[in-house]
Number of protein chains: 2
Amino acid sequence: MDPIAEARRHWQERGWLEAAEGMAAVTSIMRTQQILLARIETVLKPHGLTFARFELLALLSFTREGALPMAKASARLQVHPTSVTNSVDRLERAGLVMRAAHPADGRTKLVEITPQGRAAVEQATLELNAQVFTSPGFSAPEVDGLNQVLGRFRHEAGDFVETRFAI
Amino acid sequence: MDPIAEARRHWQERGWLEAAEGMAAVTSIMRTQQILLARIETVLKPHGLTFARFELLALLSFTREGALPMAKASARLQVHPTSVTNSVDRLERAGLVMRAAHPADGRTKLVEITPQGRAAVEQATLELNAQVFTSPGFSAPEVDGLNQVLGRFRHEAGDFVETRFAI
DNA sequence: ACGGAATACTTGCACTTCCTAGTTTGTGCA
DNA sequence: TGCACAAACTAGGAAGTGCAAGTATTCCGT
């Protein structure tokens with residue numbers, strides 16, 4: 001029994017025909033996200049990482065300097081600044097990042113990845129690639145279709161960041 | 001600048017070609033879920049509901065008796081039993097559901113939707129249909145494609161509940 | 001140059017989620 | 001029948017998220 005198919009049936013019985021398929025699609029995205037997140041967190045847990053913290057480490061590892069202002073990280077990761085503070089607190093306690101002063105702006109603090117952080121994110125990424133991303137549960141054409149459809153959706157939702165570079 | 005496209009580029013530069021597209025698809029699903037959830041919660045907030053609580057009310061409103069054991073609700077909604085307890089606590093305080101004893105099994109408690117609960121979920125559903133589900137940001141063919149691809153994915157992930165009916 | 005506005009970050013609070021452990025009640029085997 | 005085991009729910013705690021407010025610093029118009 002598919003709970004979502006059942007919900008769609010109920011929607012149709014109530015006469016909400018215009019909304020039934022959209023409701024099913026939106027709800028399916030919710031459930032799919034839960035399933036994928038659970039798989040990812042299972043892989044990351046032994047490394048002491050959550051997906052949010054992994055994303056932060058990965059972002060830092062891809063910058064030229066290995067460091068970013070907190071606000072930049074918040075914008076790139078599309079999460080609330082307080083969530084970044086929280087993640088950095090824990091990553092710093094684990095020795096994977098350091099807070100550093102910004103050379104020019106006294107307000108901003110830089111988050112900088114440490115050598116241990118680089119090692120951790122490298123290892124975690126290899127495992128995620130092997131156990132989730134290479135075979136996510138979608139065929140190659142499905143992956144392409146998802147990337148196209150969801151990419152356009154995100155674009156229309158204003159999910160893209162303005163281009164700005166600054167240490 | 002699309003943060004996900006940029007991540008894919010980094011993946012490719014590192015030589016993780018097998019995983020790059022899957023990583024992009026999985027991450028896109030994460031972001032899409034966040035965007036949709038934010039829209040839904042914006043609609044529900046004036047009603048004092050979260051999506052989790054709305055889903056519980058909707059589930060109850062579709063049962064014959066308007067009541068379900070907590071464990072059933074937990075299984076149907078695919079959430080942890082303690083999360084159901086939490087939702088029911090708040091819905092009960094708001095007068096939208098009631099806890100009732102199970103007639104046959106002393107261990108289980110029934111959650112029962114109240115007339116106010118029915119009114120609230122009806123109104124909230126109409127608004128969600130109008131503001132989100134009818135025009136979710138995907139075309140009709142895209143919605144169909146998502147339902148098909150994600151439905152199969154969920155099926156293979158074991159996301160379907162065994163058929164059992166019991167008050 | 002200087003004072004109000006804006007920016008960057010942190011703290012406290014509320015909420016949600018899940019985990020572990022506990023209590024109560026039912027089930028089934030000896 | 002009786003006793004171990006399982007099931008249903010709740011309580012307490014940790015972690016993540018977002019909002020509102022607070023502090024420190026910078027920006028900018030006059």
Side-chain angles (χ1 to χ4, degrees), chain A residues 30-31 33-35 37-42 44-45 47-56 67-94 97-112 164 166-167, chain B residues 30-31 33-35 37-42 44-45 48-56 67-94 97-112 162 164 166-167:
Chain A
M30 301 281 176
R31 270 306 289 158
Q33 187 265 355
Q34 284 179 31
I35 293 165
L37 184 59
R39 288 189 191 168
I40 290 172
E41 305 253 78
T42 299
L44 293 177
K45 192 172 198 113
H47 298 271
L49 293 176
T50 63
F51 189 50
R53 283 181 261 170
F54 168 79
E55 278 192 300
L56 178 54
L68 230 49
M70 308 272 292
K72 282 281 170 241
S74 170
R76 289 291 193 89
L77 299 172
Q78 319 262 26
V79 296
H80 203 271
T82 54
S83 297
V84 176
T85 296
N86 187 309
S87 293
V88 171
D89 283 351
R90 295 173 197 285
L91 288 171
E92 192 172 34
R93 225 173 294 153
V97 304
M98 289 177 1
R99 279 177 167 92
H102 190 287
D105 189 332
R107 295 169 300 180
T108 87
K109 288 185 183 162
L110 300 180
V111 205
E112 186 175 353
R164 262 180 63 203
I167 285 203
Chain B
M30 301 283 176
R31 269 305 289 160
Q33 188 265 355
Q34 284 179 32
I35 293 165
L37 183 59
R39 288 188 192 169
I40 290 172
E41 306 252 77
T42 298
L44 292 178
K45 193 172 198 112
L49 293 176
T50 63
F51 189 50
R53 284 180 260 170
F54 168 78
E55 279 192 299
L56 177 54
L68 272 179
M70 307 272 291
K72 281 281 168 239
S74 170
R76 289 290 192 92
L77 299 173
Q78 318 262 25
V79 296
H80 202 273
T82 55
S83 297
V84 176
T85 297
N86 186 308
S87 293
V88 171
D89 283 350
R90 293 174 197 282
L91 288 171
E92 192 171 35
R93 224 173 296 153
V97 304
M98 290 176 1
R99 279 178 166 91
H102 190 288
D105 189 334
R107 295 170 301 178
T108 86
K109 289 187 180 159
L110 300 180
V111 205
E112 185 176 353
E162 77 283 7
R164 263 180 61 203
I167 282 208

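All values reported here derive from a predicted model rather than from experimental measurement. In what follows, chains carry the letters A, B, and so on, assigned in the order in which the sequence lines appear, proteins first and then strands, with residues in each chain numbered from 1.
Within the structure, a side-chain polar atom (N or O) of B/Ser83 is placed less than 4.0 Å from OP1 or OP2 of C/dC18. Side-chain nitrogen and oxygen atoms of B/Arg99 include none within less than 4.0 Å of the OP1 or OP2 phosphate oxygen of D/dC9. Proximity of A/His80 to the phosphate of D/dC19: a side-chain N or O atom is located under 4.0 Å from OP1 or OP2. Proximity of A/Thr85 to the phosphate of C/dC9: no side-chain N or O atom is located under 4.0 Å from OP1 or OP2. Put simply, A/Arg107 has no side-chain N or O that comes within less than 4.0 Å of OP1 or OP2 on C/dT10. An OP1 or OP2 oxygen of D/dG16 is reached within less than 4.0 angstrom by a side-chain nitrogen or oxygen of A/Arg90.
Where A/Asp89 and A/Gln34 each meet DNA chain C at their nearest nucleotide, the meeting point lying more 5' is that of A/Asp89. Sequence order on DNA chain D of the closest nucleotides to B/Thr82 and A/Pro81 puts B/Thr82 first from the 5' end.
The distance between atom CE of A/Met70 and atom C1' of D/dA24, rounded to the nearest whole Å, is 15 Å. The distance between atom CG of A/Leu77 and atom C1' of D/dT17, rounded to the nearest whole Å, is 14 Å. Taking atom CD1 on B/Ile40 and atom C1' on C/dT16, their separation rounds to 16 Å, with Å as the unit. Remark: P of C/dA8 and NZ of A/Lys72 are 8 Å apart, rounded to the nearest angstrom. For the pair B/His102 NE2 and C/dT24 C1', the interatomic distance rounds to 16 Å; values are reported in whole Å. Per the geometry, CG belonging to A/Leu56 stands 12 Å off P belonging to C/dC9, to the nearest Å. Between the P atom of C/dT17 and the CG atom of A/Leu37 lies a distance of 13 Å, rounded to the nearest Å. Rounded to whole Å, atom C1' of D/dA14 lies 11 Å from atom CZ of A/Arg53.
Put simply, the side chain of A/Asn86 does not reach to within 4.5 Å of the side chain of A/Arg53, judged on heavy atoms. Counting heavy atoms from C-beta on, the side chains of B/His80 and B/Thr82 come closer than 4.5 Å.
In this structure a side-chain-to-backbone donor-acceptor pair under 3.5 Å is present from B/Ser87 to B/Ser83. Side-chain N or O atoms of B/Thr42 include one that pairs as donor or acceptor with a backbone N or O of B/Ala38 at under 3.5 Å.
Note on A/Asn86: a base of the nucleic acid sits closer than 4.0 angstrom, heavy atoms only.
Closest approach to the A/Ala71 side chain among C/dC9, D/dG16, C/dC15 is made by C/dC9 (side chain taken as heavy atoms from C-beta onward).
The only member of A/Arg107, A/Lys109, A/His102 that meets side chain to side chain donor-acceptor pair (under 3.5 Å) when paired with A/Asp105 is A/Arg107.
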